[in-house]
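Note sheet for the following structure.
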Amino acid sequence: MCRKVTSRLIQHLTKISALRLQYPGQSYCKILSYTKNTICTKPRRSAVNKNPETRRFHGSVTPLKVLGIETSCDDTGAAIVDEDRNVLGEALNSQTQVHVQHGGIIPTVAQDLHKINIEDVVTEALEKANMTIKDVDAIATTVKPGMGLSLRIGLEYGKKLVRESGKPFIPIHHMEAHALTVRLIEKVDFPYLVFLLSGGHCLLAVVRDVEDFLLLGTTLDDAPGDVYDKVARKLNLKLVPECHGLSGGAAVELLAQKGDPTAFEFPHIRTQHRDCNFSFVGIRTFVERLIEMEEEKFGIKDGSILPNVSDVCASFQYCVLRQLAKRLQVALLYCEIKSLLPVENKMLVLSGGVASNMFIRQGLSKLCRQHSCHVVCPPPRLCTDNGVMIAWNGVEKFSRGLGVVSDFESVRFQPKSPLGVDMILDVQSSYIKPNKVNLLDKHAE
């Protein structure tokens, strides 16, 4: 036992020395607060679920606080979150209205709006927290993946704050942040399965720790949120009064509530593939052709709305759910075979903007009940892009002594970045055939 303590003491003192060299302007007590781990225990996976007071080094009298900055796509977000799971201040500038008018996200427009709004958003978050940049312990910023022009703005502003304040800098992987957000609001222990559904991503992964992910499947082409937006544009849903101001995905979901999901027979996608990968380009092509045929049938000109638009939306949405459910079932069966999830208290976390769609959420929840898997979803405001999830990811990393870069100036943004260890080929080689599932209480798929 003495040898173990001595070894950890040496590691601890070495870490302090390195941090003093990295942050020469900081006080000794502040350097101690950066270590966050005691000299007698290793960081445990469950550490963030313990009483924070038992985890703080005696040199730190307050919970650590991290400023998070998010600009990976079309929303400018900032927040300050502490290790006691308190959101001290947050601000978000949504670009939805602008992009709805353009019929979709234009990267250069998104970049310009980030540039215009980022300082005000960060300032507002700090003011709501009654803090200045000097009061936070670290700065976390999304650097991957996402739209390059948007990521650049957040990264450059984050670096600017680091230069001015001397605070530690924590680069954040956008999808990792989405996967871990649920731990801010609920007690969710590792490991668990996460299903990330958004306008830019669609993936299934096992989350084993803060920086430990197993990628089971991802989209091979379009993302579901992007297809929702394109279908909404093809249907001219922005001209529907009740859809005014809504994003494409929200408009499709709203109108689908009035439609019949079995009105049109959509194709089954990738039925011969025994994996967790997704493809949405075929669905998009089919629904675009369907809309054109229905417009011709009803003599609809450009700019008019189909009389059966709700049925089209409902049938399209059901087709998307059907594919998501089948891939999720393969993932659940794979995790059972490989013993990747606990037998008791098996958990799926749904996150990302598309996870806010109640039809999708209810259908996937129904499937999970058949596999004795509990479904947890962050609240809708935390499913879409926001600064809170970035700050919380920074907290989880920083409290464990992870993620801080020694040379923040060398950090570059990465539009494409895989998540975790790629297990896709292993899933394919397992050749798991999904069972028929009942998603509509009408018939099995």
Using side-chain heavy atoms (C-beta onward) and a distance below 4.5 Å, is D212 in contact with F190?
no
Of all heavy-atom pairs linking T271 and R327, the shortest is N-NH2, 4.3 Å
Check whether any side-chain heavy atom of H268 lies under 4.5 Å from a side-chain heavy atom of R322, and answer yes or no.
yes
Validation row: T142, I69 side chains within 4.5 angstrom (heavy atoms)
no
Give a yes or no answer on whether the side chain of T181 reaches the backbone of A177 with a donor-acceptor pair at less than 3.5 Å.
yes
Donor-acceptor contact present, side-chain R152 to main-chain R412, <3.5 Å
no
D75 side chain reached by E70 side chain, heavy atoms, under 4.5 Å:
no
Say whether, by atom type as modelled, one donor and one acceptor occur between the side chain of D120 and the main chain of T123 under 3.5 angstrom.
no
For N117 and T76, test the side chains for any donor-to-acceptor distance below 3.5 angstrom and give the result as yes or no.
no
Would you name the heavy atoms of L235 and I305 that are closest together and state the gap between them?
O-CD1, 3.6 Å
Less than 4.5 Å apart, any side-chain heavy atom of L215 and any of V421?
no
Could you tell me whether K160 and E156 have a side-chain N and a carboxylate O separated by less than 4.0 Å?
no
salt_bridge(E211, R400) N-O dist < 4.0 Å:
no
Hey, can you tell me if Y228 and F316 have their rings parallel, tilted or perpendicular (30° and 60° cut-offs)?
perpendicular
Among K144, H173, H174, H114, exactly one meets side-chain hydrogen bond (donor to acceptor under 3.5 Å, both in side chains) together with S72. Which residue is that?
H174
Salt bridge K397-E176, side-chain N to carboxylate O under 4.0 Å
yes
Test your reading of the model: is there a side-chain donor-acceptor pair from S304 to the backbone of I300, 3.5 Å cut-off?
no
About how many Å separate CZ of R361 and CG of L321, when rounded to the nearest 0.5 Å?
13.5 Å
If you draw the axis of the six-membered ring of Y431, does the NZ or CZ of R274 fall within 45° of it and under 6.0 Å from the ring centre?
yes
Is there a side chain to side chain contact (heavy atoms under 4.5 Å, CB included) between V66 and V81 once you walk through the steps?
CA-CA 6 Å; V66 174; V81 176; 6.0 Å; no
Would you check, one step at a time, whether the test side chain to side chain contact (heavy atoms under 4.5 Å, CB included) holds for L149 with T108?
CA-CA 7 Å; L149 295 177; T108 52; 4.0 Å; yes
Would you name the heavy atoms of P63 and D82 that are closest together and state the gap between them?
CG-OD2, 4.1 Å
For I432 and C276, what are the C-alpha separation, side-chain angles and deciding distance, and is it a side chain to side chain contact (heavy atoms under 4.5 Å, CB included)?
CA-CA 10 Å; I432 300 170; C276 295; over 6 Å; no
How long is the span from the CD atom in E242 to the CG atom in L254, to the nearest 0.5 Å?
5.0 Å
L328 vs L193 side-chain heavy atoms within contact, under 4.5 Å
yes
Enter the distance from D275:CG to D426:CG here, rounded to the nearest 0.5 Å.
12.0 Å
Working to the nearest 0.5 Å, report the span between CD1 of I424 and OG of S429.
12.0 Å
Using 4.0 Å as the upper bound for N to carboxylate O, is an ion pair formed by R284 and D222?
yes
Which heavy atom in G249 sits nearest to a heavy atom in D229, and how many Å separate them?
N-OD1, 3.3 Å
Please determine whether a side-chain nitrogen of the Lys or Arg among K258 and D311 lies less than 4.0 Å from a carboxylate oxygen of the Asp or Glu.
no
Examine F195 together with F278 and report whether their ring centres are nearer than 6.0 Å.
yes
Assess whether a salt bridge exists between K234 and E292, defined as any Lys/Arg side-chain N lying under 4.0 Å from an Asp/Glu carboxylate O.
yes
What I want to find out is whether K65 reaches D84 closely enough, with some N-O distance under 4.0 Å, to be called a salt bridge.
no
When rounded to the nearest 0.5 angstrom, what distance separates SG in C202 from CG in D226?
12.0 Å
Counting the benzene-type ring for Trp, do F286 and F266 have ring centres under 6.0 Å apart?
yes
Quick check for you: to the nearest 0.5 Å, what is the distance between D74 atom CG and D385 atom CG?
7.0 Å
Side chains of Y192 and V206: closer than 4.5 Å at any heavy-atom pair?
no
Which atom names give the shortest non-hydrogen contact between S351 and P378, and what distance separates them?
OG-CG, 4.0 Å
Quick one: does K115's side chain get under 4.5 Å of Y157's, heavy atoms only?
no
Give a yes-or-no answer on whether the side chains of Q317 and N357 include a donor-acceptor pair shorter than 3.5 Å.
yes
Which atom of K159 lies closest to which atom of F408, heavy atoms considered
CE-O, 3.2 Å
